[in-house]
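First the structure, in the form of structure tokens, and then the observations on it.
Throughout, protein chains are lettered first and strands after them, A, B, ... in sequence-line order, and every chain is numbered starting at 1. Computed from a prediction, not measured in an experiment: that's the story for all the values here.
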Protein chains: 2
Amino acid sequence: MTIAEVSRQYDISPDTLRYYERIGLIPPVHRTSGGIRDYTPEDCKWVEFCKCMRGAGLTIEALIEYVSLVQQGDGTMQARLELLTEQRRLLKERIAEMESTLARLDRKIAMYHEKCTGPCCDAFSQSDGAGASAQNGQNA
Amino acid sequence: MTIAEVSRQYDISPDTLRYYERIGLIPPVHRTSGGIRDYTPEDCKWVEFCKCMRGAGLTIEALIEYVSLVQQGDGTMQARLELLTEQRRLLKERIAEMESTLARLDRKIAMYHEKCTGPCCDAFSQSDGAGASAQNGQNA
DNA sequence: CCTTGACATGGAGTAAACTCCAGGGTATAT
DNA sequence: ATATACCCTGGAGTTTACTCCATGTCAAGG
């Protein structure tokens, strides 16, 4: 598979694909005798994997480390397991934080709904501020 | 409250606090007669709100727009509601994506557990690749 | 063989989001 | 009054993660 095909398939520019390879975010891609990249299914899987993990917010640094461990062979299984476990923990933390922010957004939206559909729409004037509930010192 | 106190309380550098104010991510902060920032509880709430929303991945652009709407007064309630609803939708999408990546990480971790504790630890040698399951074209 | 379009490399340029700095004002303890 | 610590602004610098570019190579059609 050429770099252009991979680019289309995963919606990542050729420049970015080369960049990812250069910094070690994906292992070196297979080449033709002429030196042109010819992505194997394995190469593609790395591209997809990195895209997925980056999308979830894993750092490039952690992923480079993981790729490096895989390239060092089977002796690094334990280290890989630890790395992935730590990244899983961090990901779960981020999700929890986002869930709580989502709940907060929901409360704020509910308040705007009340204000917009309440008895006297457009006639309110409490300073809204950061919380649609500016009166009680703390919200979420 | 001085900028240094707010900085400590929310773990945001004074430079970043000034930057946030400059770009409109928080409304103008109250000043002393001498021109020095003196954060009111309301100002602090904005700082906390922005920190929370930024932490969940809302764009600076969307937050600036929200702050701007709030400053424009009560006529913008409907627009604020729409903005928040859209941001909520995007946030939920991101969470869903991260949940699925979390599940994928879990599967991969489970596979490493098997390999590390299985019958012949350290004696495997299937090329691992991006999936700890390099044999079946697709994983997750 | 030659043209044409995609690909290669190394390095420079860019956008976002800070972060740092110089030069100068403010405030409080001595 | 003055030293010291903190704050101000405008602007330059930094980091991250790309993105673009100049120059040269590769490969398929005519």
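Rounded to whole angstrom, the span from the CG atom of A:Leu17 across to the P atom of D:dA17 amounts to 16 Å. In this structure, B:Ile3 atom CD1 and C:dG25 atom C1' are separated by 15 Å, rounded to whole Å. Rounded to whole angstrom, the span from the OH atom of A:Tyr39 across to the C1' atom of C:dA8 amounts to 12 Å. Look at CG on A:Leu58: it is 17 Å from P on D:dT16, rounded to the nearest Å. Per the geometry, CD1 belonging to A:Ile23 stands 8 Å off C1' belonging to D:dA17, to the nearest Å. Summarising the geometry, the separation between OH on B:Tyr19 and C1' on D:dG10 is reported as 15 Å, rounded to the nearest angstrom. For A:Met1 and C:dA6, the CE to P distance is 17 Å, given to the nearest whole Å. A straight line from CD of B:Glu5 to P of D:dA5 spans 18 Å, rounded to a whole angstrom.
Nucleic acid contact class of A:Ile60 (heavy atoms, under 4.0 Å, all strands): sugar-phosphate only. Contacts of B:Arg37 with the nucleic acid, taken as non-hydrogen atoms under 4.0 Å apart, involve only primed sugar atoms and P, OP1 or OP2.
Nucleotides of DNA chain C nearest to B:Thr32 and B:Glu61 differ in position, and the one nearer the 5' end is that of B:Glu61. In this structure, A:Leu25 and B:Gly35 both approach DNA chain D, and ranking their closest nucleotides by distance from the 5' end singles out B:Gly35. Both B:Pro14 and A:Ser33 lie close to DNA chain D; mapped to their nearest nucleotides by heavy-atom distance, the more 5′-ward contact belongs to B:Pro14.
Between B:Arg31 and B:Asp38, no side-chain nitrogen of the basic residue sits less than 4.0 Å from a carboxylate oxygen of the acidic one, so the salt-bridge criterion is not met. Looking at A:Arg54 and B:Glu97, no side-chain N of the basic residue comes within less than 4.0 Å of a carboxylate O on the acidic one, giving no salt bridge.
A donor-acceptor contact under 3.5 Å is formed by the side chain of A:Asp15 with the base of D:dC20.
Listed nucleotides D:dC8, C:dA8, D:dA17 differ in distance to A:Ile36; the shortest reach to its side chain belongs to C:dA8. Counting only heavy atoms from C-beta on, A:Ala4 has its side chain closest to C:dC7 among D:dT19, D:dA17, C:dC7.
Side-chain nitrogen and oxygen atoms of A:Tyr20 include at least one within less than 4.0 Å of the OP1 or OP2 phosphate oxygen of D:dC18. Not one side-chain nitrogen or oxygen of A:Thr2 sits closer than 4.0 Å to the OP1 or OP2 atom of D:dA27. Between A:Arg31 and C:dT9, a side-chain N or O to OP1/OP2 separation shorter than 4.0 Å is present. Note on B:Arg18: every side-chain N or O is 4.0 Å or more away from OP1 and OP2 of D:dC6. Residue A:Thr16 places at least one side-chain N or O closer than 4.0 Å to OP1 or OP2 of D:dT19.
Under the 4.5 Å side-chain heavy-atom criterion for Ile, Leu, Val, Met, Phe, Trp and Tyr, B:Ile36 and B:Tyr39 are members of distinct hydrophobic clusters.
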Mind running side-chain hydrogen bond (donor to acceptor under 3.5 Å, both in side chains) on B:Arg80 and A:Tyr112 for me, showing each step along the way? CA-CA 8 Å; B:Arg80 284 185 237 169; A:Tyr112 272 111; 2.9 Å; yes
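A cation-pi arrangement, defined by a distance under 6.0 Å to the six-membered ring centre and an angle within 45 degrees of its axis, is present between B:Lys108 and A:Phe49.
Of the options B:Val29, B:Asp43, B:Val6, a side-chain contact (heavy atoms from CB on, under 4.5 Å) to B:Leu17 is made by B:Val6 and by none of the others.
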